Amino acid sequence: MVLVCFVIDLRSLPPQLLRDVKQSLLEVANFYATSSESESLRDKIGLCYVFRNRISSSNELKIAYSPSPRGNFDLRDFHHAVNHLPTDSFLPEIDDPGDLKLSNILSDQVLYSWGVDKDIVRKVIVLSSCFPQYVDSHLQKSLMDAADKCVSVEFLLFEQKSDHLTDTLQNVSNFLRSISDLDNCSLQTYLPNVRVLHGLVKQWIEDLKDDMEKPLQARFLFKTNLVGSMNQISCNLYVSVNKIVDGFSPCQTCRCHGMLLEDGIRNRIHGYSCPVTGHGLETCNVIENSVKVGEKTLLFLPSFQSSMKFQRIASIDFHVIERINLGSLSEGSIMGDSYFVIPSACHEVEAASDDIDQSELNAQVFQGLCGALHSLDQGLVCSSNCNIETMREVAFHCYYILQPSDNGPMLLRRLAGSEEVSRVPDLNRCILSSITKEIQDSIQASLSKIELKDYDPMLHERGFHRKLNMLVKESLQFGSIPPKLEEAPSEPKLTQLDSSEEMVQSTSRLDVELTEEESSKLDMIEEDKTGTHIVEEWEQLVVNEVPKIFSPVCISKPKLDQSVLSPSSSNRQLDVKTSRILERLEVPRLLKTKAISPINTGSGMMDTCGPMKKPLIPSQCIDTTDQSSTTSQLMKPNFQRIKRKHK
């Protein structure tokens, strides 16, 4: 973790340079607030400035923004501090600023009180246009103590061209000799322009970001030796482009703590509640006009009219803004995918004449533009309010380059904006000396051994199909995989039914579980036993066991002996018990409208999962020819009247 303290010498910065420095500080804060993806946004930026009190004519130090030891970075307060830096403190006649008040900053009251983590690394950056000629003993001691506490101090000098600064170079040389013995101090000289400050902003934000990845280490291997026995070079890889967000999202916050109300759907259904206390919130206690910047930064606004929803679009408009030489285009500023551009059917553009086909005219203009740009080796820079990768509208401009080709399609590629271009690594730190002629000749000889061709993508296959074909071939060696058989359930899956349906299914199972073998056995029962047996079982089923079952299921006509169904027996008067049985067998009117389960009589059983019971009435196979016109009905059994024995 790095904590950075900026110290600005307002006495030596001209107004224009001060405005550029202030803008750079705001950009650092903006990048830092929107780049953090961790749970917290640590407060790691401090801001101080040195000015001359016009009343006392003494140099004074002011702390504009001090980081909270345990709090999060406050983007709003930092902007307020930068925007309110004094603008009337520049002293044109100053040559030696004298005391920079660094001893006051490198103290327990200021810098050493910021940050409570043990692994924190502190860094002080001093921005000025002139430095004192000599370092006094007090400042020397403070810098040495800072070195013991692993605090680095960087002095940034912005060169100025002016007649009254004739001794500036001499003062800088003397100052540099005074700090040369301190390993934690450095001096860098820069030109005061926007491009230099832009690079410094990228460098400072890299110092602040905790999640800054280390460069990826790589090696480039050659088939032949480059120098001597060396056939490889080791390098570090850096990302050339850092993407930024496409916009800022509106949100809702609680008025009591200013915390984000994240679950908007739940809030609309169950009402608002404070994420800190959990207490319910009234509508007046909810701030509707809030905007989320990054992951952990919230801003409260009087109104957020620019809270656009990034809608998906089907077509894009590119506005041509400038023409550039393709030789000046840096490949490191190209990001995202590339797209072929070809003319399409044009049905919205008005033709110059009705005699000319619009599509043909559009194609001719396309080819003419492509040929003209190719002959000039130039391209067109376009802007759009759509991100072509997400196909959504964005709040910021997106830039694209349209590159021509020779009698072919053009190529559209996205360009990184100034906020997205990464800082180019300092190559001078890696190169200590110039290349010798022996090494240069050896490398030239090694390159001449590498075959030279025109690039053809068809000759650079990645091996996708070859690898997948090999995997399928190995899989086929195991043969075909047998299909997974569905296991019959040990118990039928019961579902919740209403009372009437449950009674219908229960009676249906009792009536249809019949076999031919059992039916034939019942047909052979003797006459005198048949009536008595049927009476007892019908009485047990209808009267005693299931008195509430009214089955609508049709059963087959029983195949009984003629003695059972003889005219003499059927004409007898029914007793009271038989009448009760017939009343219970009558089908209720409400159940007559329900579906009737037909009996499929065959060699097998209808329901193998149901419980096996001995059938009470034998069933008879229904002839297929009569099945369409004949339906099994409930039989009204005629039973023999049991003779009473006279005592």
Side-chain angles (χ1 to χ4, degrees), residues 1-8 21-49 62-85 105-127 146 149-154 184 200-215 239 242-245 248-249 251 253-254 257-262 275-276 290-300 419 422-423:
M1 174 179 175
V2 179
L3 188 150
V4 179
C5 176
F6 294 97
V7 181
I8 303 177
V21 170
K22 291 170 62 176
Q23 179 61 31
S24 299
L25 294 177
L26 296 179
E27 292 178 2
V28 171
N30 294 341
F31 279 129
Y32 179 61
T34 56
S35 61
S36 178
E37 298 180 357
S38 58
E39 296 181 357
S40 61
L41 186 64
R42 300 294 299 273
D43 205 353
K44 303 186 300 182
I45 304 178
L47 179 60
C48 305
Y49 62 91
K62 289 290 185 180
I63 301 175
Y65 182 87
S66 59
S68 175
R70 299 183 181 275
N72 291 338
F73 176 68
D74 196 325
L75 179 64
R76 181 176 176 273
D77 289 349
F78 188 84
H79 271 249
H80 181 269
V82 173
N83 291 327
H84 286 78
L85 289 176
I105 298 174
L106 302 172
S107 62
D108 296 335
Q109 290 75 24
V110 183
L111 183 65
Y112 301 144
S113 64
W114 297 346
V116 295
D117 294 345
K118 296 181 179 179
D119 58 344
I120 190 172
V121 177
R122 296 175 176 86
K123 187 174 185 179
V124 178
I125 301 176
V126 183
L127 293 83
K149 296 180 180 181
C150 299
V151 177
S152 60
V153 181
E154 292 185 3
N184 63 322
L200 291 175
V201 168
K202 300 295 184 179
Q203 179 180 343
W204 295 337
I205 195 61
E206 290 179 1
D207 295 336
L208 288 169
K209 290 173 61 176
D210 289 335
D211 57 350
M212 188 65 189
E213 298 181 357
K214 295 182 179 180
V239 179
N242 289 318
K243 295 182 180 180
I244 62 174
V245 295
F248 307 123
S249 305
C251 61
T253 56
C254 63
H257 297 86
M259 299 297 293
L260 176 66
L261 304 179
E262 295 184 356
V276 178
S290 302
V291 58
K292 186 177 181 182
V293 179
E295 294 295 329
K296 297 298 177 182
T297 303
L298 299 175
L299 297 177
F300 312 110
E419 303 93 337
S422 299
R423 182 178 65 94

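Computed from a predicted structure; not experimentally measured.
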R122 side-chain N/O to A146 backbone N/O, donor-acceptor pair under 3.5 Å: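 Checking the backbone N and O of A146 against the side chain of R122, no donor-acceptor pair under 3.5 Å is found.
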Search all heavy atoms of [X] against all heavy atoms of [Y] and return the closest pair with its distance.
{"X": "Y112", "Y": "V151", "result": "CE2-CG2, 3.8 Å"}
{"X": "A64", "Y": "A81", "result": "O-CB, 3.5 Å"}
{"X": "S68", "Y": "D43", "result": "N-OD2, 3.0 Å"}
{"X": "V124", "Y": "L111", "result": "CG2-CD2, 3.7 Å"}
{"X": "F73", "Y": "A29", "result": "CZ-CB, 3.8 Å"}
{"X": "V82", "Y": "K22", "result": "O-CE, 3.1 Å"}

Student check: side-chain heavy atoms of L25 and I45 closer than 4.5 Å: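 No - every pair of side-chain heavy atoms lies 4.5 Å or more apart.
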Within-4.5 Å side-chain heavy-atom neighbours: P67 and L3: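 A side-chain contact under 4.5 Å exists here.
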Value rounded to 0.5 Å, distance of [atom1] in [X] from [atom2] in [Y]:
{"X": "N242", "Y": "I205", "atom1": "CG", "atom2": "CD1", "value": "10.0 Å"}
{"X": "L208", "Y": "Q203", "atom1": "CG", "atom2": "CD", "value": "11.0 Å"}
{"X": "N184", "Y": "E154", "atom1": "CG", "atom2": "CD", "value": "10.5 Å"}

Taking ring pair (Phe, Tyr, Trp, His ring centres under 6.0 Å) as the test, write out the residues that go with F6, two or more places apart.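 Checked F6 against ring pair (Phe, Tyr, Trp, His ring centres under 6.0 Å); matches are W204.
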Once side chain to side chain contact (heavy atoms under 4.5 Å, CB included) is applied, do any residues pair with D74, and if so which ones, sequence neighbours excluded?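 Testing D74 for side chain to side chain contact (heavy atoms under 4.5 Å, CB included), a comparison that skips the adjacent residues, returns Y65, R76, D77.
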Listed partners of I244 passing side chain to side chain contact (heavy atoms under 4.5 Å, CB included), at least two apart: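 I244 satisfies side chain to side chain contact (heavy atoms under 4.5 Å, CB included) with F31, E419, E420 only.
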Side chain to side chain contact (heavy atoms under 4.5 Å, CB included) evaluation trace for K44 with V2: CA-CA 7 Å; K44 303 186 300 182; V2 179; 5.7 Å; no
Is there a side chain to side chain contact (heavy atoms under 4.5 Å, CB included) between V293 and N30? Walk through the geometry before answering. CA-CA 9 Å; V293 179; N30 294 341; over 6 Å; no
Start with the C-alpha gap between V4 and V28, add the side-chain angles, then the distance that decides, and say whether side chain to side chain contact (heavy atoms under 4.5 Å, CB included) holds. CA-CA 11 Å; V4 179; V28 171; over 6 Å; no
Any chance you could lay out the side chain to side chain contact (heavy atoms under 4.5 Å, CB included) test for I63 and I105, step after step, and finish with the verdict? CA-CA 9 Å; I63 301 175; I105 298 174; over 6 Å; no
